[in-house]
Amino acid sequence: MVVGERRQATVLFSDLSGYTAMNEHLDPEEVEAIMRRIKNHAVRIVESHEGIVNQFVGDEVMALFGICAAHEDDPLRAVRTALELHAVVRAMSPEVDARIGQPLRMRTGIHTGLIVTNSRDTRDGLYGITGETVITGVRLKTEAEPNEILVSPQTHRLIAPYFETEELPAVRVKGKAELLRPYRALRPLPVRSRFEASARRGFTRYTGRQDELAVLYGCLERTIRGEGQFITVMGEAGVGKSRLLHEFISSLGREHVSVLQGTCHAHGSTTSYLPFLDTLRRELNVVEGRSREEVLDTAVATLTALGPSLKAYLPFYLHLLSIRTDPMIAHMQGPELRHAMQEALTGLIMAKAERQPTLLFLEDWHWHDEASEAVIQHLLTLMGGHSLLVGITYRSECS
Ligand SMILES: Nc1ncnc2c1ncn2[C@@H]1O[C@H](COP(=O)(O)OP(=O)(O)OP(=O)(O)O)[C@@H](O)[C@H]1O
Ligand SMILES: [Mg+2]
């Protein structure tokens, strides 16, 4: 980023409630040690969400998301960061709270808007950043109660389907005519994709796209005849790729075809096999809240019913789902393990296709990981002559 550049970013300001009390009641060395630990945690958590810590001033941390590399989910990353940082500090609190007479808690303000870099002086942080965005971020942080995360309406609009939030009364910002309405970010909601989020808000009536639907029905017919099909749905963000698949899938008689679905994520290109994990969980009937024994029993029964040969792959499925790692897998080397994982995943998909026509849709393939690409490549070599359709959605601007 160069001096004077303007771009959209999300800023996070957090400070420590309890800092003054620590300074009053503890040795400076102990305060220093605690602050160092909090700062180390802050750097680790911010960087794990691909943001940067721009600066620490006293007990305040300022982090930026979308500066070096913009992600469309930067505001989500900022809120996840804040939730983790708050949790870490809450967990540290019992070490000192009795002695300082109050709990240690972070409080955070997050805002998304245009930022401008100005001439860089490292004493002012990694990037010198000014503008309304910074003022609003700081104002939200000041307004936040201990352990509270306040986001601006602009950030709220981008995170709303993904987090439970509460609207709060408007506050005044110095030097600004209009009031600022903060939202309290509480906890993540179980939404996996933008499309699911828009589905939650309710669909608009579906119009047009008859040609595209006709192409999909044509491919389905050939799939049913045993001619494996591969489809790419390509187009700009928001053009209707996910909705097209949704309309197509909803129109199918699901008793006659199996539909497997998965999604790549903006943060997922470093997680191997990510788009296959949801499918795997669903196919093995892995339900959260069950004991490991129950999960294993159900998975074995499901695999046995699907195809007896699949039982041999069970250790690989369990490893992928982080349920259990067999010592045999722990000893496998990179290429060998990768080959085995490929066999296990394609084995499951082909077994489904043996039973009845099967459609595998993987969304947002522009964010795919390399291991998943290898699985698809392998699948393409196997699917000829089988009732399998593989479809991926892809943003044309990412090609
Ligand atoms: N033909 C259509 N008729 C009515 N609404 C549509 C149509 N196509 C898409 N939409 C609506 O437009 C919005 C964006 O569509 P969708 O999520 O399918 O885009 P996308 O191409 O998958 O974008 P992205 O690349 O971000 O995933 C959704 O709310 C969807 O319901
Ligand atoms: Mg989509």
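We count ligands from 1, going down the list as the structure has it; atoms in each ligand are counted the same way.
For the residue pair Arg243 and His246, no side-chain donor N or O sits within less than 3.5 Å of a side-chain acceptor on the partner. For the 3.5 Å distance criterion, the side chains of Gln342 and Thr346 fail to qualify, holding no donor opposite an acceptor.
Thr358 contributes a side-chain N or O that, together with a main-chain N or O of Gln356, makes up a donor-acceptor pair within less than 3.5 Å. Panel note: side chain Thr271, backbone Leu274; no donor-acceptor pair is recorded below 3.5 Å. A donor-acceptor distance shorter than 3.5 angstrom exists from the side chain of Lys241 to the backbone of Gly235, with no hydrogens or angles considered.
With waters neither drawn nor counted, the protein N/O/S atoms under 2.8 Å from the Mg ion (ligand 2) amount to 1.
Here Thr108 contributes atom OG1 and Leu150 contributes atom CG; the two are 8.5 Å apart, rounded to the nearest 0.5 Å.
For the pair Phe276 and Ile349, the minimum side-chain heavy-atom distance is below 4.5 Å.
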Are there any protein N or O atoms under 3.5 Å from the N or O atoms of ligand 1? List them with distances, or say none.
unit_1	atom_1	unit_2	atom_2	d
ligand 1	1 (N)	Thr207	O	2.8
ligand 1	3 (N)	Thr207	N	3.2
ligand 1	5 (N)	Thr204	OG1	2.9
ligand 1	5 (N)	Arg243	NH1	3.4
ligand 1	18 (O)	Ser242	N	3.2
ligand 1	18 (O)	Arg243	N	2.8
ligand 1	19 (O)	Gly240	N	3.2
ligand 1	21 (O)	Val239	N	3.3
ligand 1	21 (O)	Gly240	N	2.9
ligand 1	21 (O)	Lys241	N	2.8
ligand 1	21 (O)	Lys241	NZ	2.8
ligand 1	22 (O)	Ser242	N	3.0
ligand 1	22 (O)	Ser242	OG	2.8
ligand 1	23 (O)	Gly238	N	2.7
ligand 1	25 (O)	Lys241	NZ	2.7
ligand 1	25 (O)	Arg395	NE	2.8
ligand 1	26 (O)	Arg194	NE	3.0
ligand 1	26 (O)	Arg194	NH2	3.2
ligand 1	26 (O)	Arg395	NH2	2.9
ligand 1	27 (O)	Arg194	NH2	2.5
ligand 1	31 (O)	Arg243	NH1	2.7

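In this structure, His49 has its ring center at least 6.0 angstrom away from the ring center of Phe65.
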**Message:** If you apply the rule side-chain hydrogen bond (donor to acceptor under 3.5 Å, both in side chains), what do you find for Tyr217 with Ser251, and how did you get there?
**Reply:** CA-CA 10 Å; Tyr217 289 122; Ser251 72; 2.5 Å; yes

